[in-house]
Number of protein chains: 2
Amino acid sequence: MNERQKRASTKDVAKLAGVSLGSVSRVINKFDNVTPEVREKVERAMAALDYRLNHAAKTLRSRSSRTVGCMLTDITNPLYANLFRVFEDKFREAGYLVLLANSMNKGAWEIEILEMFRSRGMDGVLLAPSNERNPQVIAAVNQLDIPAVIVDRDISVQQDQVRFDHVRGIREAASALIAQGHRRIAIILSGVESRPMRRRLEGFRAAFAAHGILPVEELVVRLPSSTENAFARVDALLRSDQPPTAIFSLGTNVLGDVLSAIAARGLRVPQDVSVVSMGDPEFARSHVPAIATVSIDIDFAASESARLLLERMEGRVQGKPRRVLIATQFVPRDSCAEVPPSKTRKVSKTR
Amino acid sequence: MNERQKRASTKDVAKLAGVSLGSVSRVINKFDNVTPEVREKVERAMAALDYRLNHAAKTLRSRSSRTVGCMLTDITNPLYANLFRVFEDKFREAGYLVLLANSMNKGAWEIEILEMFRSRGMDGVLLAPSNERNPQVIAAVNQLDIPAVIVDRDISVQQDQVRFDHVRGIREAASALIAQGHRRIAIILSGVESRPMRRRLEGFRAAFAAHGILPVEELVVRLPSSTENAFARVDALLRSDQPPTAIFSLGTNVLGDVLSAIAARGLRVPQDVSVVSMGDPEFARSHVPAIATVSIDIDFAASESARLLLERMEGRVQGKPRRVLIATQFVPRDSCAEVPPSKTRKVSKTR
DNA sequence: TTGTAAGCGTTATCAG
DNA sequence: CTGATAACGCTTACAA
């Protein structure tokens, strides 16, 4: 790095340009009431001194950091990574910076992060607290005195919220499978107990209920962490006496594991096992056979969150919390088919 | 959110506690020379007023933001997401916050981000500029007057650098395949032209050179973006008159596509096609057959970067730039096998 | 339109 | 060990 010579301040610029501090500030902030001559003198001086605005001073004085905080569970989850990127883009356009903090599912960290957001003077925050049932976390969220938006959580707080209608998409998908004769349907859920997991299971059960039957509880698999490998679990299901005839792959990175486990046992999709995935990645579309999915428009969730938050931050909206519910949709594809007759009989025998 | 009552300052705390401003500051910063009584009075007052440190004021006065910047191409790339997370952890331990900025491969943004880092008073920065050949970006990096570490770039600047020895791992892997009789080896590279891509190709060519032969240029596939789907490209290769007998899958998300394309054509790994992947994800290990990989210890790169940067920031190290080269290694697994005799003949005919 | 000066909330430097 | 006071670099009234 270069020798660290003292950075030029507005005062230095004013002196060199032969104008006052106020004029420099007006030029920096693009005020109208500045004569072209003054503006040019200031700009010349700024260039000559390689002047940079000191953001801390600006924040201190103007009481706005032009920064928003973004608290997620874990950015290595591609869903969150996408959410962040779109959110960052929207705010960049609006002249804000986004500060990312990963809570890694730890309640204590979530509280710490919220403290930090306050201390650092965030103008607004986006929150996806994983500990949505932790009273201390809820209290900390409620005590926030800055605009906030909560993403896809069942948490009862006085802030704007954006949620996915997970139930509907999964219900549609499960219904379709049931209509195709499937009864032994496995569902692989990943991540900690939280809204997405809960709602997906709810939709799953609702589909069975609508057909007057019950899901097979042994086929409900909860992976403790979203990084956990699903291969062994799926493999075990497939080895059992009564293997599933269809599998919901609802974790972030589990589709590959599921397909790999199916192939490893010499089974075929969809002839032996039907598969439904989540989030509609490119991979699912190009796979042969194409994998049916429950689509989740994470980009839309991100931009809606950004919109709600910006409206609050800019004072364009006040009053009671708003709720946005984003639809999810079943996208049927070749990976789902009728249950093979032999398997149907086998199942009917046991019921 | 709650009603926004004016936040308490150190002055308020001092008044309520009946001590001076200086004493409050000493308590906050955990100085030794404070009597227990004073400390307790201050702490009580802070609690009563729900006092929060104003970070902007602290930064302005102390000339340290206790924040480091992290400029990456795109956090949705899992490799970068992991890098960030480990980096963030290390700095959190040291009492710093990490500010993430995605440059999305845009040179103009990279320059803008560097400006922003300066303006916001970063104490240090980690950079992985995608435009490593862009003179303006290089100039901007060189002009930084804060400690910096560059990650895995071929860029000639006066800063500490951490790099992977991509060449070696790929060379080992390619040599192993060549030794198994493979000649038509495809290599799928993703992302923009940059060090990782360049070096991997270099290692690939080096292995052929060592055996006195040349790679088949038509089998070198460059995917323009790291999000681009590789299925169609691999499918096209496999359909050709002279399909590859082995495939290097060196992009971040391409392994799934490669396996899927192979399976879609009814081919088997490794009997028909050998496969080598990159980065050693869990998925590769549990897949049947297990996928050979060129391992890349991204966590180690992140912690080494953090170490180098912290040493500079804390002034423990001065002087000329340091270079860390991190080994990559070929991990052979079942996905690689001898070329089937029929295919060997086919190739030998054409040479 | 421009200049002047106060003050944002902290830390740092002195005396006491 | 504690208190008073001057910065830090900027914005923002208000006065000229």
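Just so it is clear, the model here is predicted, and its values are computed rather than measured. Sequence lines set the chain letters: A, B, ... in the order given, protein chains first and strands last, and positions in each chain run from 1.
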Is there a donor and acceptor pair closer than 3.5 Å between the side chain of A:R26 and the base of C:dG3?
yes
Do B:R61 and D:dA7 share a donor-acceptor pair, side chain to base, under 3.5 Å?
yes
Between [N] and [X], is there an OP1 or OP2 to side-chain N/O distance shorter than 4.0 Å?
X     : N      : result
A:S20 : C:dT2  : no
A:S9  : D:dG9  : no
B:N29 : C:dT11 : yes
A:S62 : D:dT11 : no

Within this structure, what is the [atom1]-to-[atom2] distance between [X] and [N], rounded to whole angstrom?
X     : N      : atom1 : atom2 : answer
A:E40 : C:dT1  : CD    : P     : 18 Å
A:F31 : C:dG3  : CZ    : C1'   : 15 Å
B:L60 : C:dG7  : CG    : P     : 17 Å
A:L21 : D:dT11 : CG    : C1'   : 9 Å
A:K58 : D:dG9  : NZ    : P     : 16 Å
B:R66 : C:dT10 : CZ    : C1'   : 15 Å
A:R7  : D:dC10 : CZ    : P     : 11 Å
A:L53 : D:dC8  : CG    : P     : 17 Å

Give [X] one of three labels, base, sugar-phosphate or nothing, depending on what nucleic acid heavy atoms sit under 4.0 Å from its own.
X     : answer
B:I28 : nothing
A:V24 : nothing
A:R39 : nothing
A:N33 : base
A:S23 : sugar-phosphate

Less than 4.0 angstrom from a charged side-chain N to a carboxylate O is my criterion; do B:K41 and B:E37 meet it?
no
Give a yes or no on whether a salt bridge exists between A:D145 and A:R118, defined as a side-chain N under 4.0 angstrom from a carboxylate O.
yes
As an exercise, state the distance from CD1 of B:I150 to CD of B:Q158, rounded to the nearest 0.5 Å.
11.0 Å
Would you check if the side chain of A:D123 reaches a backbone N or O of A:S64 as a donor-acceptor pair within less than 3.5 Å?
no
Just by modelled atom types, is the A:N134 backbone N or O under 3.5 Å from a matching donor or acceptor in the A:N131 side chain?
no
Could you please name the option among D:dC8, C:dA5, D:dT5 that lies closest to any side-chain atom of B:R63?
D:dC8
Taking the six-membered ring of B:F31, is the NZ or CZ of B:R26 close enough (under 6.0 Å from the centre) and on axis enough (within 45°)?
no
Starting from the 5' end of DNA chain C, give me the residue, B:Y51 or A:T35, whose nearest nucleotide shows up first.
A:T35
